[in-house]
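Chain letters run A, B, ... following the sequence lines, proteins first and then strands; every chain starts at 1. What you see is a predicted model, and the numbers here were worked out from it, not measured in a lab. Side chains are part of it too, since the values below use all heavy atoms of this structure and drop only hydrogens, waters and symmetry mates.
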Amino acid sequence: MMKTMGCCASICQCFFEYSTPKILVIRSFKVGTLNRITQALVIAYVIGYVCVLNKGYQDTDAVLSSVTTKVKGIALTNTSDLGLRIWDVADYVIPPQEESSFFVLTNLLITLNQTQSHCPEVPKTGFDCTSDRDCKAGSRDTRGNGVQTGKCVKYSAVDKTCEVLAWCPLELDKEPPNPPMLADAENFTVLIKNSIRYPKFNFNKRNILPYVNKTYLEQCVFNRITDPDCPIFRLKDMVTEANEDFQTMAVHGGVMGVQIRWECDLDMPSSWCVPRYTFRRLDNKDPVNNVAPGYNFRFAKYYKNGNNEETRTLIKGFGIRFDVMVFGQAGKFNIVPTLLNVGAGLALLGLVTVVCDWIVLTCMTKKNIYNEQKYSYVDDFQLLSNETP
Amino acid sequence: MMKTMGCCASICQCFFEYSTPKILVIRSFKVGTLNRITQALVIAYVIGYVCVLNKGYQDTDAVLSSVTTKVKGIALTNTSDLGLRIWDVADYVIPPQEESSFFVLTNLLITLNQTQSHCPEVPKTGFDCTSDRDCKAGSRDTRGNGVQTGKCVKYSAVDKTCEVLAWCPLELDKEPPNPPMLADAENFTVLIKNSIRYPKFNFNKRNILPYVNKTYLEQCVFNRITDPDCPIFRLKDMVTEANEDFQTMAVHGGVMGVQIRWECDLDMPSSWCVPRYTFRRLDNKDPVNNVAPGYNFRFAKYYKNGNNEETRTLIKGFGIRFDVMVFGQAGKFNIVPTLLNVGAGLALLGLVTVVCDWIVLTCMTKKNIYNEQKYSYVDDFQLLSNETP
Amino acid sequence: MMKTMGCCASICQCFFEYSTPKILVIRSFKVGTLNRITQALVIAYVIGYVCVLNKGYQDTDAVLSSVTTKVKGIALTNTSDLGLRIWDVADYVIPPQEESSFFVLTNLLITLNQTQSHCPEVPKTGFDCTSDRDCKAGSRDTRGNGVQTGKCVKYSAVDKTCEVLAWCPLELDKEPPNPPMLADAENFTVLIKNSIRYPKFNFNKRNILPYVNKTYLEQCVFNRITDPDCPIFRLKDMVTEANEDFQTMAVHGGVMGVQIRWECDLDMPSSWCVPRYTFRRLDNKDPVNNVAPGYNFRFAKYYKNGNNEETRTLIKGFGIRFDVMVFGQAGKFNIVPTLLNVGAGLALLGLVTVVCDWIVLTCMTKKNIYNEQKYSYVDDFQLLSNETP
């Protein structure tokens, strides 16, 4: 019959064929229930977990962010070195601007009027001496403050140490003042302006929300309950939210993370996409396996005296660095991840048949009937010639 | 028959079995056409959209980037405070180096010769007074510039304000000059050197492309049409590309995003992987719900006068911060995402059968014939004992 | 029979139905072997490659990181300008603190005692002149150092150049000293403290590992073989690991990437999640298509002289910027990606049937027998009325 048709007709016939598997329907309370339950589980998983909870139907994008900060506040210190002194933002924010972090000085060790000259090293193992023979000219120890001249000189009435060429007088190796000098820093406020962008979805937003007006911004301070959308933060509040004590942290300094999370479902109104602020201490305060605990760095202000000689004021500044970390992802419906998940879900439905078949064909009492109906055999083995019906 | 064989033979037989579903082929114009169209749709989707457009066969990696910048240019200002003055790169880039952004000073309010001393507060609500009783010694208002001494002193012929300990004279709370002082900044150029890396594919590239030579680099300026590969940008051009006016933006400052996008298909020649530059204003210029519009910060230069007293020049610097944002992803053929997508695509082909079966078995005129042929029944229910043929 | 049942019973019956495809089992050495091999390949791929190698069963998260650095060391320079001079950390780290990078000055060109005044331009094409007519008052060339006054003045015994208003004396346009001035910088050490977080898994860790104690940290230096967990790095070691010569790099400066990779399998003990340090030069040292090779920037120290005039020391600082780049991802078992991959794997198993069917039904000698057994036909075409048995 096939041979009488032309090749073209054969292809046509093939094209208009529809292949569908032959199905054995087993009508049974046990098997049916098992089947439906398994199906329900898989469908519930696909819809409930993948689609609803994990939003598997969405394409996602990572956030691009820009941050500017502006600290405000005045601190007063009273020390024997400096007398009564006011510190304003130009004094305590170092460097004056950074990309997405800011440093607030809270404590300091100051060494005034340093010049390039000779002076005895600070007494420490390795720098003590009794005569010039104990000192090696040109030696520069990484723990030292300068290059040894080879002389052994008096440091105090009792100690003699090697002389060094350095910025003299040397900084004294002592603990920072406690309570911290700029204890007032806890009342400083910082305005954090953050604008974000999800480039894949061409979506922009700022942390100053549209409904917030200028009057409110001029007097508000962030509070998780009463003012959760105010972008002005009191330093102490941020540290307290991270379960730390500001005054304790201020002594040796530290690093705080200001985390701004933008988790946005762009299938929803864009006004639902709001920043969530959390605060966390990033450095380790555990003194056990810690070198140089806290956060400090040295910087200097350079002057020239009347003789055109350079002098400097060395400051070992302890303080809190606030790193503003912006993260989060936006999701928006996209057909590709949807179909990927639906496809995987359908494939899982295939599992149902595998599981049920196994139970039906091995555990049920009528398994022989089912087997006979489900399977037909074509046999190639000579030793088994009459298996097929 | 089975019982006569050993267990081993039984396993062998099982191993060499090949199970294939029994298929009912329906030859029909309607059904066949429906089937082929649905199949074509699914295949077209999988190949066209997933593979070609979304490159579902590629593994992807995010970019690692390093940026250095170098600004060039000279500005001239002429003010009553400073006289004729030249500003070069060491004067207007603050801090002198940053990791992936740079700040160019465009406008400033300068307060010369400040010392730690006493002076009357700037007149503002809360600082006006008529007698000493209106001022509280030790009070430090966040809006104020220092700590009150408790005295009420003359600010001008008519005003009296509370005296403060502060850096005196105080900065005047006035608007920045318009036109901006460093209006010349629009002609500054910046060389942006960016080297990127896709660690997963061990691929490195720079934004100075291989064919670009030194002579060209010494005189070129980026232009989207004539010089799209020149990494030297005129500040005004960048601001103009973001649809902003440089001179207007320069007055209060702002934040510009210099976006470098590296979208690389590493299955293609690596020379096709080139950076795309776009420019966007990142801060909000809308004056409605905005505090501290623009971008400014305070910094100071510290001096010592003849009496070894510290004085400083306070500068409220307005300017444009350029954040260089490097993003993009590279894709390269990888078998895992390919098979993931092919697998999901095949699973979707399974949908075709589901859809066609439903139509064939419920809507077609010959549905009863199809049903009879497709389904066999094994019945467990006592009430239905003669359904199976 | 069906008609005698109520509608409810019909739905019930439908609910308790279990549909399973009818299967033709072909018992054949060839076909069976082919089938099992294809199956084995797919299963091996899914288990071996997707699950074991690519950990397809894990959900992943990108790292959030915080970095602080502390450089230590002393350098000695001896120049005609400055005499014998000590450089400590406050002198050579500029700016004193940055978020995740640090710059170490290794070489410099210093121009002392600049004031705002008039001086002849540096001789270069475009600035040479013979009379005042060659100079244009107010002209500011981007390659120049100031604004021309319109006068033509003597630069040296032989050269005349246009006079400019600038910070005078001008910086000489010369190559940086070789060997570099702060050659001692190779022995500087830097402590890098890095704390990371995987927010999705609420997992925190630091690069100072728990077993490391304070005594060890005070004297260790990173060495890939003997001290791979010490977070203190000698600058020279880092540069050497990147296959660069420190002294050569120090002359013109450069950018080094300190890459910290945290590749964490959180299904394993958290102590297995350790940082891996690698070092790479990020800028291009190839002199062919390179402008401004190396890394340098200008900064100034401002002074006031006895007449309250501002003077400055301009420093063109060459040095190495170390960018600390923290990357990596954590994986943890999650049911969604697992099922996604299992689903895709199962779908691929469907491929086995497609491939084997094609071979069996077209290439085997007994293909007609198999065809007859596998396919039944329902025919709609009038020309083919007796195909179905």
Side-chain angles (χ1 to χ4, degrees), chain A residues 13 15-29 64 66 68 70 72-74 76 84-86 88-91 95-99 184 189 191 193 195 199 206 208 210 212-214 217-218 301 303 305-306 336 339-340 343-344 346-347 366 369-370 373 376 381 384 386-387, chain B residues 21-29 31-33 35-36 49-50 54 94-95 98-99 101 103 116 140 142 146-147 165-167 255 257 282-284 289-292 295 297-300 302-304 306 314 323 325 327 344-345 347-348 350-351 353 356-357 374-381:
Chain A
Q13 182 188 346
F15 184 83
F16 290 115
E17 274 178 12
Y18 169 59
S19 301
T20 180
K22 293 183 90 165
I23 299 295
L24 174 72
V25 180
I26 299 174
R27 286 179 176 151
S28 152
F29 279 111
L64 277 184
S66 156
T68 61
K70 194 172 186 110
K72 269 193 182 171
I74 297 285
L76 180 73
L84 210 58
R85 192 191 150 103
I86 284 292
D88 70 5
V89 66
D91 296 322
Q97 72 105 358
E98 284 184 276
E99 195 174 355
D184 294 343
T189 58
L191 163 65
K193 290 204 263 182
S195 83
R206 303 186 305 135
I208 301 179
V212 168
N213 62 35
K214 206 167 171 171
L217 280 175
E218 266 161 8
K301 293 184 204 167
Y303 307 101
N305 62 15
V336 175
L339 288 180
L340 195 75
L346 284 175
K366 294 188 184 169
I369 301 170
Y370 301 149
Q373 292 284 332
S376 322
F381 302 124
L384 298 156
N386 53 352
E387 190 67 39
Chain B
K22 293 183 90 166
I23 298 293
L24 174 72
V25 179
I26 299 175
R27 287 179 175 153
S28 152
F29 279 111
V31 182
T33 310
N35 175 36
R36 296 303 174 193
Y49 197 69
V50 179
N54 278 313
I94 303 147
E98 284 184 277
E99 197 175 353
S101 81
F103 171 84
Q116 295 265 346
R140 57 199 83 170
T142 48
V147 178
L165 169 64
W167 283 101
V255 184
L282 298 178
D283 64 320
N284 180 264
N289 67 338
N290 213 345
V291 277
Y295 185 58
F297 57 90
R298 286 182 181 81
F299 62 99
Y302 297 85
Y303 307 102
K304 276 195 178 164
L314 177 68
D323 288 353
M325 299 157 117
F327 61 105
L348 286 174
L351 260 185
T353 307
C356 290
D357 269 6
K374 185 173 165 74
Y375 293 109
S376 321
Y377 294 89
V378 179
D379 216 325
D380 256 18
F381 302 124

Under a 4.0 Å N-O cut-off, is there an ion pair linking B:Lys374 with B:Asp357?
yes

For chain A, the option from B:Met325, B:Arg298, B:Lys304 that forms the most heavy-atom pairs under 4.5 Å
B:Lys304

What option among A:Ile74, A:Ile23, A:Leu64 has the most heavy-atom pairs under 4.5 Å with chain B?
A:Ile23

Output for pair (A:Ile86 CD1, B:Gln116 CD), nearest 0.5 Å, gives 6.5 Å

Who wins among B:Tyr303, B:Phe297, B:Tyr375, B:Tyr302 for the most heavy-atom pairs under 4.5 Å with chain A?
B:Tyr302

Report yes if some heavy atom in the side chain of A:Arg85 is under 4.5 Å from a heavy atom in the side chain of A:Asp91; otherwise report no.
yes

If you round to the nearest 0.5 Å, how far is OH of B:Tyr295 from NZ of A:Lys70?
9.0 Å

Below 4.5 Å from any heavy atom of chain A, which atoms of B:Val147 appear? Answer side chain, backbone, both or neither.
both

Find the distance between OG (A:Ser66) and CD (A:Glu99) and round it off to the nearest 0.5 Å.
8.0 Å

Heavy-atom cut-off 4.5 Å, strictly under: side chain, backbone, both or neither for A:Asp184 against chain B?
side chain

Quick one: closest heavy-atom pair of B:Asp323 and B:Ser101, and the distance?
OD1-CB, 3.4 Å

Closest non-hydrogen atoms of B:Glu98 and A:Glu98, given as atom of the first, atom of the second and distance, are OE2-CA, 3.6 Å

Counting only non-hydrogen atoms closer than 4.5 Å, does B:Leu314 touch chain A with its backbone (N, CA, C, O), its side chain (CB onward), both, or neither?
side chain

Proximal component of A:Gln373, with respect to chain B [non-hydrogen, under 4.5 Å]
side chain

What part of B:Phe327 is in contact with chain A, defined as an atom under 4.5 angstrom from a non-hydrogen atom: side chain, backbone, both or neither?
side chain

Chain B contact via A:Leu76 - which portion, at a heavy-atom distance below 4.5 Å
both

If you count heavy-atom pairs within less than 4.5 Å of chain A, which of B:Leu165, B:Val255, B:Asp283 leads?
B:Leu165

